[in-house]
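These notes concern the structure reproduced below.
Keep in mind that the numbers below use all heavy atoms, side chains included, and drop hydrogens, waters and symmetry copies. Remember, it's 1-based here, ligands and their atoms both numbered in the order they're listed. None of the values given here were measured: they were computed from a predicted structure.
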Amino acid sequence: MIEIKNLEKTYPSKSGDVVALKDINLTVEDGDIYGIIGLSGAGKSTLVRCINLLEKPTSGQILIDGEDLTKVTKNRLLEIRKKVSMIFQHFNLLQQRSVLKNVELAGEIAGDKNPTERAKELLKLVGLEDRLNYYPSQLSGGQQQRVAIARALMSDPKILLCDEATSALDPETTHSILELLKTLNKKLGLTIVIISHQMSVIESICNKVAIIDKSQIVSCGYLKDVFLSPTNEVAKKLIYSGHVNTGIKGEKFVKLMFTGEVDKPIVANVISELKISVSIMYAETKVINDTVCGQVIFRLPSYNEDIKKLTDYLTRENVPFEEVDSDALY
Ligand code: ADP
Ligand code: MG
């Protein structure tokens with residue numbers, strides 16, 4: 001559905017060009033909830049704005065259903081943009097208009113002469129059927145974002161781009177908005193690209209993720225794979241986020257990965273059957289796309305003696321593992 005090929009974006013400035021995106025290649029398929037995560041200034045907003053050509057790429061291609069947006073006519077671009085809606089961190093509602101009027105206006109702009117019924121229907125879908133005549137200032141942040149979502153749906157989009165859409169919301173409201181997005185993905189078959197600097201947001205909703213660091217994608221794929229085997233420094237920072245006791249520099253550890261297939265008390269058995277008194281340096285389980293995934297990082301008291309015993313056992317029990325360096329956890 002969305003193919004980004006060799007995308008580059010440079011902002012000219014007096015003190016030298018700012019490279020915001022470098023050699024970006026990414027494919028989002030129909031029905032994906034694709035997360036793009038990175039630290040502040042990494043280039044996330046620029047990337048998402050390039051997807052609907054709000055920002056013109058310096059070079060490269062943006063293909064939506066095979067059509068290259070950098071090559072189409074202006075009119076065609078406006079047509080395609082209806083299929084690619086967007087929501088933002090600060091909702092961007094019109095303060096002088098009621099909830100219903102805010103949503104209706106989007107319909108009018110998309111060419112709908114009688115937008116009222118559809119606006120009401122969508123406001124019901126986002127749970128605001130009893131707030132039609134309220135003004136934005138009378139609503140909570142979560143409710144305002146729901147209005148923005150209804151508004152974004154007025155043009156009947158196939159893709160919804162969300163730029164830090166929950167970053168101004170408290171954790172509970174964030175959760176409810178993410179649940180709503182999940183429902184829209186299922187019910188309407190909406191493809192969603194969700195930009196965030198928070199791993200927790202990505203984890204709770206996305207099936208795939210790309211990690212962007214200093215203008216480049218450093219890791220991408222199914223969330224489960226990226227989460228269980230972060231290969232790059234920023235990925236590790238975002239995933240382990242300071243929770244790992246990193247031990248002595250250069251020390252070796254063993255990482256066990258669980259993806260829901262093994263149904264035995266592996267850690268307990270390592271201790272009681274193999275008689276290895278491991279120390280746990282890091283342990284976490286998460287539910288990713290309805291599967292419990294986890295990883296445990298062990299320190300072995302006598303690494304060289306115990307490692308073979310342990311890895312033989314893990315192989316026998318079909319538990320994926322990796323030997324990792326403590327440096328790998330920073
Ligand atoms: P993020 O959303 O990940 O925080 P942005 O995409 O906003 O990052 O910014 C990426 C880089 O591009 C930053 O260095 C930022 O300063 C720069 N940048 C973004 N927009 C502009 C602009 N309109 N003009 C000049 N530089 C910009
Ligand atoms: Mg941003």
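- Placement of Tyr222 and Ile37 in two distinct hydrophobic clusters is found when ILVMFWY residues are connected by side-chain heavy-atom separations under 4.5 Å, directly or transitively.
- Closest of all the heavy-atom pairs between Ala235 and Pro230 is CB-CB, 3.8 Å.
- Residues near Tyr135 contribute nothing to a hydrophobic cluster around it, because no ILVMFWY side-chain heavy atom sits closer than 4.5 Å to its side chain.
- Of the possible polar contacts, none joining the Arg151 side chain to the Ala106 backbone as a donor-acceptor pair under 3.5 Å is found.
- Sorted by chain then number, the residues whose non-hydrogen atoms approach ligand 1 to under 4.0 Å are Tyr11, Val18, Ala20, Leu39, Ser40, Gly41, Ala42, Gly43, Lys44, Ser45, Thr46.
- Within the 3.5 Å criterion, the main-chain N or O of Leu39 finds a donor-acceptor partner in the side chain of Lys44.
- In this structure, Lys182 pairs ionically with Glu179, as a charged nitrogen and a carboxylate oxygen lie closer than 4.0 Å.
- Of all heavy-atom pairs spanning Leu188 and Leu153, the tightest one is CD1-CD1, 4.2 Å.
- Neighbours of the Mg ion (ligand 2) restricted to protein N, O or S atoms under 2.8 Å: the count is 1.
- Results of the side-chain contact (heavy atoms from CB on, under 4.5 Å) test with Leu78 over Lys82, Arg76, Arg81 single out Arg81 as the only residue that passes.
- Remark: Glu305 engages no residue in a salt bridge (charged side-chain N to carboxylate O under 4.0 Å, His left out) (not counting sequence neighbours).
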